[in-house]
Amino acid sequence: MIKSIRGRLQWWYGAVYALSILAFGLLVYWRADRDAHERATLQAVSTVQYLDVSLRNVPPHLVRHTPQDSDFGPGETIRENYTLGPLPPEFQFRPPRGRDGGPEGEQKPRPRRPDFAEYSEDGQGSNPPTQDEHRRPPRGPGNELLPEGPFGDPDGPRGNGRNGPPEGRRFPPEEGDRLKAVRPPATKGGPPFDGDDSRVDRMEFVVWRGDGSVLTRSDGMPRDQASVIPNIEQGNPAPQVSMNRGEIEVTKRGPHGSVIRVIRSFDRDLSNLHRFGIQISGMAVLTLVVGIFGGWWISGRIVHPIQMISETAAQISATSLNRRIETMALDQELIQLGTVLNATFGRLEQSFARLTQFTADASHELRTPLAVIQSQMELALGKPRTPEAYQQTLEICLKSSDRMRSLIDGLLLLARTDAERLEMRPVPVDLRDIAEDTISQFQDKATAAEIELECVVSEDNLNIMADSRFLAQIPANLIDNAIQHTPAGGKISLEVRREGDKAVLTVKDTGCGIAAEHIPHLFERFYRIDTGRSRRHGGSGLGLAICRSLVEAHNGTITCESKPGEGSVLKVCLPIATDVEAPVIEVPVDGESHV
Amino acid sequence: MRVLVVEDEPDLLTTIAQVLREDGYAVDEAADGQEGLFKATSWEYDAIVLDLLMPKLTGWQVLETLRKTHRTPVLILTARDGVNDRVRGLDGGADDYLSKPFHLVELKARLRAIIRRSVGLASSEILIGELAVDTKAKTVRRGDTQLLLTPREFSLLELLALHRGQVVSRTQIYESLFDENEDSLSNLVDVHVSNLRRKLGKDFITTRRGQGYILHD
């Protein structure tokens with residue numbers, strides 16, 4: 001099965017059109033037999049009818065009896081004298097001009113549509129006028145011919161019995177009359193017959209008199225046909241149609257006991273139709289080829305932008321995430337796809353960038369104390385030192401390793417909250433207890449930094465479902481942070497209160513404050529307000545990020561409000577547990593609770 | 001040799017400064033980028049050890065400003081060890097790059113290398129006639145005999161040897177031998193020069209009156 005859009009389009013374009021044309025061709029081929037047969041029958045029957053009507057204009061005694069030589073002038077034959085008139089246009093078909101008549105036809109100054117009625121033995125179109133003088137009028141009553149018009153006066157012979165020619169006309173007719181009679185009217189429109197009859201079928205006719213002799217026949221009529229008068233049922237005026245070997249044979253009893261037979265072959269008609277069907281089928285093959293290439297071209301135009309998108313997407317890797325699909329070059333329908341993909345790439349790039357930044361930051365934060373430890377050790381071991389120097393080295397190393405430990409603890413905690421594997425055991429905890437414990441924990445540090453530490457606790461019950469090990473880290477980190485950023489003489493106040501269904505904990509300091517553009521990034525890991533964060537402040541750069549992770553783990557929110565120079569307010573909102581009346585478990589505050 | 005160390009981690013700054021001093025360098029310390037840039041543009045240093053992530057001014061900014069006026073060799077010493085950071089540092093005008101954590105011996109070797117390259121020497125051993133000055137081992141040999149020099153005397157000899165054929169002014173010698181914390185006396189240079197002459201030979205160092213000293217081949 002073709003899996004590609006392009007292939008499918010290609011085959012649809014080619015195959016659907018080609019199949020429809022092929023079907024048409026096959027239909028023509030299949031129907032050719034019937035069509036040719038119908039057409040031949042129709043023509044043959046029409047011709048028989050026409051002959052039948054025309055024979056009514058022939059003097060009955062000529063039809064009834066074998067004409068004697070004395071009936072005609074020397075060299076005359078019945079056909080030369082008594083034409084049946086030209087075929088009306090609806091019966092026009094090309095008579096076989098015979099292999100012998102062809103060349104002479106070409107010699108004629110102007111090709112014309114010949115008429116079987118003027119057909120003569122010697123191939124000439126009309127009788128020479130010189131024969132007129134030998135003509136004698138036929139004898140007997142009702143022998144007048146109506147030379148004018150194809151049918152003459154149809155009522156003439158049967159009507160009022162006045163079958164004579166119109167007044168002023170002689171019989172036999174004048175040359176001009178005869179010519180009028182035998183020459184068909186010029187064909188209107190269309191090219192004249194070009195004389196090439198190799199592609200047309202033959203139509204032959206024979207008329208027998210009642211006594212079995214041949215009144216007239218066409219040249220091509222087989223001799224054996226002309227010599228056998230068919231046994232036609234008396235009184236059956238309907239034409240009898242029979243078919244044998246590519247021929248339609250129509251026989252009808254004509255006037256005055258005559259029998260008319262027309263043989264119309266349809267071999268060439270059939271083969272023409274067959275050829276036409278085959279040509280159409282051939283066109284189908286051509287269309288298939290054109291369709292395949294056209295489909296290839298059109299589908300190529302459709303598929304190209306998709307390929308472009310996939311090529312661009314394929315080129316986007318971890319090292320080239322900044323590449324984007326050029327949506328300007330796309331079609332309307334694909335712009336949306338391209339835009340969505342670009343947005344996805346954008347997010348991917350951002351998250352990769354954050355990851356890279358985080359890795360670089362974490363690595364930087366770990367390498368710096370490691371570098372201190374390593375260089376201190378190397379310096380101490382470089383040559384013999386005093387015991388005080390060794391002690392100092394060890395102190396520095398201990399400080400650095402403490403820093404590394406707290407950093408690793410923070411990273412592990414963040415990793416666990418990221419993976420939601422914090423293993424929290426939430427119990428009802430009163431936020432006021434946590435706040436008071438934190439204040440007492442940091443009182444000494446604040447005093448050492450000459451900072452006033454204040455705790456404002458509301459009267460409300462502030463029971464929340466929390467794991468106190470993690471919950472206690474939130475105010476601890478916030479106060480630790482505040483002490484680091486508040487100059488001596490400043491004030492830090494920790495307040496817990498109730499706001500609606502939230503327990504709110506705020507830490508307010510009188511420190512240097514944070515510029516507005518930094519606040520959205522404040523809770524990002526290792527985010528630095530100053531690119532090179534001062535070592536004086538210590539800290540791992542993870543404190544606020546840990547706070548946010550822990551607050552979110554407790555379904556709370558943390559926000560920051562700050563004005564540079566006036567200090568900052570960090571606000572933590574946690575949902576109050578409504579179904580708990582009072583704290584059931586005493587909150588343990590141990591050394592692990594602080595990172 | 002006078003070296004400036006710019007590093008915001010106080011413990012590391014002290015350690016590096018101490019180990020370089022023990023190696024005979026005159027070492028100035030700067031705790032942030034701003035101070036580092038000020039010192040780097042105020043005095044002539046033989047080399048600068050520069051951290052990248054520092055308060056006030058980053059190492060890249062210091063380097064960019066410094067390179068507009070000074071060709072002082074700079075060794076970047078940082079915990080940022082990404083390829084991009086290194087490339088950015090080196091393209092920004094740094095001569096070498098060392099990432100933390102590091103070995104002090106490597107830091108010293110790289111410092112020697114950038115100082116040596118800055119004066120156009122290929123080897124750590126400078127030959128002056130029969131005298132071989134080994135800047136790595138900090139020793140001086142005449143033939144097979146080892147000459148005993150004090151660190152200051154060696155630094156002076158190294159300075160003159162590195163600028164062989166050029167007049168080295170007294171100010172240059174002062175700035176190279178003594179760091180910012182030393183309240184050096186004006187005749188201290190003369191004392192070291194006369195000591196060197198006593199140990200190496202009287203005509204070894206030529207005095208250019210009013211100009212300074214020169215070491216001929």
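Throughout, a chain's letter reflects where its sequence line sits, starting with A, and its residues are numbered from 1. All figures in this text were calculated on a predicted structure; none of them were measured in a lab.
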Report the C-alpha separation of A/S375 and B/L12 in whole Å, then their side-chain angles, then the decisive distance to 0.1 Å, and conclude whether the side chain to side chain contact (heavy atoms under 4.5 Å, CB included) test is met. CA-CA 7 Å; A/S375 55; B/L12 200 57; 3.1 Å; yes
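- By the 6.0 Å contact criterion, CD on A/E524 is enclosed, its count of non-hydrogen atoms from other residues, nucleotides or ligands being greater than 12.
- Taking all atoms of both residues into account, the shortest heavy-atom contact from A/S363 to B/A79 is OG-O, 4.1 Å.
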Dump the intermediate steps for side chain to side chain contact (heavy atoms under 4.5 Å, CB included) on A/Q374 and B/T15, then the final yes or no. CA-CA 10 Å; A/Q374 192 172 343; B/T15 315; over 6 Å; no
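- Within 6.0 Å of atom NZ in A/K563, 12 or fewer heavy atoms from other residues, nucleotides or ligands are found, so the atom counts as exposed in its surroundings.
- Shown here is B/F38, whose CZ atom has no more than 12 heavy atoms of other residues, nucleotides or ligands within 6.0 Å.
- When every heavy atom of B/S99 is checked against every heavy atom of A/R367, the shortest pair comes out as OG-NH1, 4.4 Å.
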For A/V372 and B/K100, what are the C-alpha separation, side-chain angles and deciding distance, and is it a side chain to side chain contact (heavy atoms under 4.5 Å, CB included)? CA-CA 9 Å; A/V372 173; B/K100 296 175 191 171; over 6 Å; no
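- Counting heavy atoms of neighbouring residues, nucleotides and ligands inside a 6.0 Å radius, atom NE2 of A/H521 exceeds 12 of them.
- Salt-bridge check for B/K108 with A/E378: failed, with every basic side-chain N at 4.0 Å or more from each acidic carboxylate O.
- Put simply, the residue from A/I373, A/I396, A/T393 that forms a side chain to side chain contact (heavy atoms under 4.5 Å, CB included) with B/D11 is A/I396.
- Counting non-hydrogen atoms of other residues, nucleotides and ligands closer than 6.0 Å to CD of A/E517 gives a total above 12.
- Your options are B/V105, B/I16, B/L13, and the one with the most heavy-atom pairs under 4.5 Å with chain A is B/V105.
- Counting only heavy atoms from C-beta outward, the side chains of A/H364 and B/D85 never approach each other to under 4.5 Å.
- Ion pairing between A/R385 and B/E22 holds under the 4.0 Å rule for side-chain N and carboxylate O.
- The environment of NZ in B/K136 is sparse: at most 12 heavy-atom neighbours from other residues, nucleotides or ligands sit within 6.0 Å.
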